[in-house]
Amino acid sequence: MAEEVDLSLKLPLDELLYGNGDFVPPEGLCWLSVLFCLLLACSYVGSLYIWRSDLPRDHPIVIKRRFTSVLVVSGLSPLFVWAWRELTGVRTVPSLLALMGIRLEGLIPAIIFPLLLTMVLFLGPLMQLAMDCPWSFMDGIRVACDPWFWSLCFSDMRWLRNQVVAPLTEELVFRACMLPMLVPCAGPFTAIFTCPLFFGVAHFHHVIELLRFRQGSLSGIFLSAVFQFSYTAVFGAYTAFIFLRTGHLMGPVLCHSFCNYMGFPAISAALEHPQRLTVLASYLLGVVLFILFLFPFTDPSHYGLPTPVCTLAPYRSSLCLS
């Protein structure tokens, strides 16, 4: 019996990595991709509600229980990608972990550049925070280097949720697991704007708790939900872009944690600030610099060209190229 030959070895490297433009998706690929993404999103959100309690979401007991749930779901989430790959028969050259952005190549730039880019975007809020902060710069350095400060942070359940657990688990589930399943079906560009829809819809569960504890009027809660969906969808598109361009999970996680810390920019406060012109100029400068640095800071050549998830693209996309 003739020895079986791996035909991928006979393909030119460029075609093997990027595709030759004649990619034909396996039958039912898109349906399976969307189905698995929905299952992931429902599993993540559903895990928050397996605990019956009359306590609000910020209570330490509720937070600890939800930590357990989302960590279990997040730990099992790679199995969804593996099952999707087995069912669809999509060929992947990189390993499963590499597709999910868990790799060493280009790790240091992936930690520094995306976070620095996000800080540039928040130049206005950072300037506003620096002006209003009663501490000097050296005081801030001393606090940041104090182990007691960090022990207090890690003992605070809300801080741990907002800065560590939520960014890590949400980026793992909604970016690292979903993008490898969506890119072969929709292509890189469409996947960037499709993936955040699952992320935005997943945040609608906050409406249930607001209604349950009657935290505001019905119209106010609805408007808040619409705003949160819009904001999380835009943010999700940004971190999906970061993940696609860098091929690393760590960058989106750090950006997510930083944005959770900063919150939505207080534009109304900036308009009423005593040094309004300086603050508003910082807002404008931050946006301009962000636009200028967006592609150079996320150039895939910094992180090992091509990024693993880009090898699944059905056609060669400029988003995957330097």
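Atom set for the values below is all heavy atoms of this structure, side chains included, hydrogens, waters and symmetry mates excluded. Remember, it's a predicted structure, so these values are computed and weren't measured experimentally. Residues take their numbers from the sequence shown, with the count starting at 1.
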Out of curiosity, [X] [atom1] to [Y] [atom2], how far, rounded to the nearest 0.5 Å?
{"X": "Phe36", "Y": "Thr88", "atom1": "CZ", "atom2": "OG1", "answer": "8.5 Å"}
{"X": "Phe290", "Y": "Leu294", "atom1": "CZ", "atom2": "CG", "answer": "5.0 Å"}
{"X": "Arg276", "Y": "Glu272", "atom1": "CZ", "atom2": "CD", "answer": "9.0 Å"}
{"X": "Ser257", "Y": "Leu168", "atom1": "OG", "atom2": "CG", "answer": "10.0 Å"}
{"X": "Leu117", "Y": "Ile112", "atom1": "CG", "atom2": "CD1", "answer": "13.5 Å"}
{"X": "Leu249", "Y": "Phe243", "atom1": "CG", "atom2": "CZ", "answer": "6.5 Å"}

Give the minimum heavy-atom separation between Ser74 and Thr169, together with the two atoms involved.
OG-CB, 3.1 Å
Would one find more than 12 heavy atoms of other residues, nucleotides or ligands at under 6.0 Å from atom [atom1] of [X]?
{"X": "Trp82", "atom1": "CH2", "result": "no"}
{"X": "Ile50", "atom1": "CD1", "result": "yes"}
{"X": "Tyr261", "atom1": "OH", "result": "no"}
{"X": "Phe189", "atom1": "CZ", "result": "no"}

Is a donor on one side and an acceptor on the other found under 3.5 Å between the side chain of [X] and the backbone of [Y]?
{"X": "Arg85", "Y": "Val90", "result": "no"}
{"X": "His248", "Y": "Met250", "result": "no"}
{"X": "Asn162", "Y": "Asn260", "result": "no"}
{"X": "Arg103", "Y": "Gly247", "result": "yes"}
{"X": "Asp146", "Y": "Arg142", "result": "no"}
{"X": "His256", "Y": "Ala166", "result": "no"}
{"X": "Trp51", "Y": "Arg65", "result": "yes"}
{"X": "Arg245", "Y": "Leu319", "result": "yes"}
{"X": "Thr190", "Y": "Gly187", "result": "no"}

Phe264 and Tyr231: aromatic ring centres closer than 6.0 Å?
yes
Tell me if the centroids of the rings in Phe241 and Phe295 come within less than 6.0 Å of each other.
yes
Report yes or no: do Tyr44 and Ser69 form a side-chain donor-acceptor pair below 3.5 Å?
no
Would you call the rings of Phe293 and Phe297 parallel, tilted or perpendicular, taking 30° and 60° as the class edges?
parallel
Per side chain to side chain contact (heavy atoms under 4.5 Å, CB included), Cys37 is matched among Leu182, Val173, Leu179 by Leu182
